[in-house]
Amino acid sequence: MRKVAVIGVGCTPFGEKWETSFRNLFVDAGARALEDAAISGEQIDELFVGNMSAGRFVDQEHIGALIADYAGLATKHVPSTRVEAACSSGGLAFRQAVTAVASGNADIVVAAGVEKMTDVGTGATVDTLAGAADREWEGFPGATFPGLYAMIARDYMHRFGLTREQLAMVAVKNHRNGARNPNAQFQKEISIDTVMQSSLVADPLRLFDCSPITDGAAAVIVAPLERAREFTDTPIQVLSSAQASDTIALHDRRDISTLDATVAAANRAFQLARLERKDIDMVEVHDCFTIAEICAIEDLGFCSKGEAGRLTEEGYTALDGTLPVNPSGGLKACGHPVGATGIKQVYEIVMQLRGEASGRQVDGEIGMTHNVGGTGATVVCSILGVV
Amino acid sequence: MSVARFWRKQPQRYNLIGTSCETCGRAFFPPRSFCPECRRDGKIVDHAFAGTGHVVTFTIIRTASEAFEHLTPYVLAIVELDEGARLTSQIVCTIDEVSIGMRVKNVFRKLGSDGESGPLYYGTKFIPVK
Amino acid sequence: MVGIVTYGAYIPRYRIRIGEIARVWGANADDISGGLGVFEKSVPDLDEDTITISVEAARNALQRRKIDPDGIGAIYVGSESHPYAVKPTACTVGEAVGATPVMTAADYEFACKAGTAAVQTCMGLVKSGMIRYGMAIGADVAQGAPGDALEYTAAAGGAAFVIGNDDPIAVINHTCSFTTDTPDFWRREGQSFPRHGGRFTGDPGYFKHVLGAARMMFDQVGTVPSDYDYAVFHQPNAKFPQRVAGMLGFSREQLAPGLVVPTLGNTYSGASLVGLAATLDQAKPGDRIFVTSFGSGAGSDAFDIEVTDAITSDLFTPGAAPTVTELLSDPIYLDYALYAKHKGKIVMQ
């Protein structure tokens, strides 16, 4: 297998983009990535696009072709494939692109992610997102996505004594990071009180425990490491990208508060990269809800079960902490356009490793991404490092 | 949801007809037609669950999808049936009544409807056992 | 002898006090409750209707006696509030109790006596040998327009009776009916709430038909009120059954166990059958029960029922399902706004 590097990245500002359509979002992100890599469209061998539900959000299927077309690649007949795994669609698209290059099947491959979520009402959005869980046996009885993570939070707090305030500190920390990210949906710091006094969505989770509804797109371009310097002075190597599955329904998990797919994907990613947890300088984790970041820190192996709340409280995961978690602001503050999130995580780690993350810059040479589909039925972990 | 999509699950939704694997004895609800443990050696048969169990974890849904907005706030839980299988269900009780470990039993309730003129959907929810 | 093999009732957990309804309409609560003899009434949960009430009552009946559901050859559900205008409640009940597919089924409507009409149909089918068991259910989420006199009493609940020949816990010695064309109360197709003839519902409606059926029964069987331990009447309020009982010569004691309307309200098709269930809850072998239903439109079905030794035998486990008294205990009270939401009286968009 060939070694793979990221040679260009692009990301749109995240938020409620009332004036921007689905296709304008991904064209914008793609153009930024091409500009960053200083390549022309003619050099692209293949496209992989992560998207959860254009069919329900904008009534559009056949996203691969649409994107190839509006990226100006249709007449070049460049193969373009949509990848769907709910909120981990972007992470999967990245892994597909890396695999395509590693295998020697393609050289210059774009991995993009896009979601346009605000063209439907909140009720329809809630219902569409519930499709990431088991529609027949979770959604139909009345489960919502916040409701499922709330049941994880309830179980976790009951067993490990996590406090409501510690949960709130995850959101406070991610908003502090988001305030330093020009692409973030919420560039505003909040206090613990902001979280504690926000309305209940699904007990014990409140509005400020939840990632928002977001429009946005991101794109990264990967190439064989041996050719990377043709395009950039700062290639970032993909040290590993690993994926794992678990039961679609939360109720069928071995342990409600452990995402076994995170454990499996992380173990595989570290094994492939021949690295240990202590080698990681920063991590972008899938904090669709505050409890998800708590579980992620533990399930990725950075601490034991039950410790992440205390570590968050002690500042271990802050920008200036031992292990900065979600320097971008995470899904909570940067925003969560579901199909784009996994690509945005790679974008953030690349920007950090290149030293281009200005106001939120973290020192380090190795970073990790963690992207979750559903309540943990699909997880992708990737590890990137400076060359 | 189309008429057929609901109708074909009526035995499961009305009467908690799940499955079990005769090879390993594990009971499945929601039903599975393939045993994840025994795989090709598994022999799957129908299994009627008694409908009693306990609450593993729960939440109170305050913001629901359109189909459930009229019920908010409502209690949603993961229920472990006494036979060992777990499922997600609404618990019909006040929001102060529910707790982890609470014993529950099945009841027959309306699960939803397809608008004002479409079909009505019925099935199982749970209530606290006094 | 054909009789009741097992029975079960179901009443939703929510209640509203009559005084709360009177408050909304500017009426005097004491006058209303005093006039009707009703103090609170049951209200369905947001996810309860005649189908769910029928299923719960049917399952409660089958909890008490282990009969093979495949032996149930007929299910009839009497109600004024079937959730579908076309598509039977009885089929959902049959599926939910495991009686399908070898059974006949239909929904009945005869105002508040459709449940007892279902009992009579099942008796005929059992007696003729066409079926082994028949299930007769009377249930309603009763309708009363906001501000109408009916709103003070229209309640939710029902009862299911399995009729058969095998060791019944109570034999039905005789049944007869008194029926005329009397427009005392009606609901036109497509209308949400019933209308009624006000005081016309009294003498030409309830009293004429209940007295007619009751006296027919005494004549045909050769009994007098003192031959019975208990009497159950249709109970749209507490006053009508008490008055008709007095006119016929029944005592307040005979009436007491089955007079559930003061705290339950009027469950329409469920009313006389829930009253019978409450009476059977405390009956002993040898007790004789006189039952008359009433349905507007109008008619009355009378029953002469005698409790057997089977009610205390191993065949029957009354404690396996809640009694009517237990179903009425531990209520959750609603204010009028929540009541209106539960009853679908608030239009939501």
Side-chain angles (χ1 to χ4, degrees), chain A residues 56 120-159 198-207 209-210 213 245-257 289 291 375, chain B residues 1 5-6 8-9 12-13 16 18 26 28-32 36 53 55-81 84-92 95-96 98-101 109-112 114 121-126:
Chain A
R56 295 197 64 189
V120 294
T122 305
T125 305
V126 169
D127 190 56
T128 299
L129 293 175
D134 186 336
R135 168 68 61 183
E136 202 96 78
W137 299 109
E138 294 186 307
F140 191 75
T144 60
F145 233 73
L148 293 169
Y149 273 94
M151 292 200 289
I152 296 176
R154 176 90 54 187
D155 178 71
Y156 187 105
M157 292 167 86
H158 181 74
R159 288 163 58 195
S198 62
S199 57
L200 280 163
V201 173
D203 310 25
L205 298 182
R206 294 176 177 274
L207 185 64
D209 289 300
C210 309
I213 292 167
S245 303
D246 202 346
T247 60
I248 184 85
L250 179 64
H251 54 235
D252 280 330
R253 300 282 161 73
R254 178 190 62 81
D255 182 316
I256 300 287
S257 288
F289 301 91
I291 183 65
T375 53
Chain B
M1 187 180 289
R5 185 170 172 191
F6 183 84
R8 73 172 72 96
K9 300 285 187 196
Q12 289 78 33
R13 298 202 195 282
L16 293 175
R26 198 171 147 196
F28 303 107
F29 195 95
R32 288 179 184 271
V55 170
V56 175
T57 181
F58 68 94
T59 182
I60 295 152
I61 304 284
R62 314 269 181 171
T63 303
S65 64
E66 283 160 7
F68 296 94
E69 268 173 356
H70 65 293
L71 291 175
T72 56
Y74 60 89
V75 178
L76 187 84
I78 292 177
V79 171
E80 182 168 317
L81 298 169
R86 289 179 171 186
L87 73 158
T88 300
S89 174
Q90 287 177 42
I91 309 291
V92 182
I95 60 175
D96 308 320
V98 62
S99 61
I100 290 173
R109 294 284 178 132
K110 191 159 88 178
L111 297 182
D114 188 359
Y121 304 125
Y122 294 90
T124 301
K125 295 185 184 181
F126 290 80

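Convention: sequence-line order gives letters A, B, ...; per-chain numbering from 1.
- Residues B:Pro31 and A:Trp137 meet the side-chain proximity criterion, which asks for heavy atoms closer than 4.5 Å.
- Using the six-membered ring where Trp is involved, A:Phe140 and B:Tyr121 have ring planes that are perpendicular, over 60° apart on the 30 and 60° scheme.
- For chain B, the nearby parts of A:Leu200 are the backbone and the side chain; heavy atoms of each come within less than 4.5 Å.
- With a 4.5 angstrom heavy-atom cutoff, A:Asp252 touches chain B only via side-chain atoms.
- A:Val126 is not listed as a side-chain neighbour of B:Glu69, based on a closest heavy-atom distance of 4.5 Å or more.
- The side-chain heavy atoms of A:Arg154 and B:Ile100, taken from C-beta on, include a pair separated by under 4.5 Å.
- With rounding to the nearest 0.5 Å, the separation of CG in B:Leu87 from CG in A:Asp134 is 11.0 Å.
- In this structure, CD1 on B:Ile61 lies 3.5 Å from OG1 on A:Thr144, to the nearest 0.5 angstrom.
- Neither the backbone nor the side chain of A:Leu129 comes within contact range of chain B; no heavy atom of the residue lies under 4.5 Å from a heavy atom of that chain.
- Neither the backbone nor the side chain of A:Ser257 has a heavy atom closer than 4.5 Å to any heavy atom of chain B.
- Looking at heavy atoms from C-beta onward, A:Arg206 lies out of side-chain contact with B:Arg62 at the 4.5 angstrom threshold.
- Between the CG atom of B:Leu76 and the CG atom of A:Leu148 there is a distance of 7.0 Å, given to the nearest 0.5 Å.
- The part of B:Phe68 that comes within reach of chain A is its side chain, from C-beta onward, which places non-hydrogen atoms under 4.5 angstrom from that chain.
- At a 4.5 Å heavy-atom cutoff, B:Arg109 makes no contact with chain A through either its backbone or its side chain.
- When each of A:Glu138, A:Met151, A:Arg253 is checked for a side chain to side chain contact (heavy atoms under 4.5 Å, CB included) with B:Ile78, only A:Met151 meets the rule.
- Of the possible polar contacts, one joining the B:Tyr74 side chain to the A:Gly142 backbone as a donor-acceptor pair under 3.5 Å is found.
- For A:Ala249, no part sits under 4.5 Å from any heavy atom of chain B, backbone or side chain.
- Counting heavy atoms from C-beta on, the side chains of B:Arg5 and A:Arg135 come closer than 4.5 Å.
- Within the 3.5 Å criterion, the main-chain N or O of A:Asp203 finds a donor-acceptor partner in the side chain of B:Thr59.
- Of all non-hydrogen atoms in B:Ser89 and A:Pro141, the two that sit nearest each other are CA-CB, 4.3 Å.
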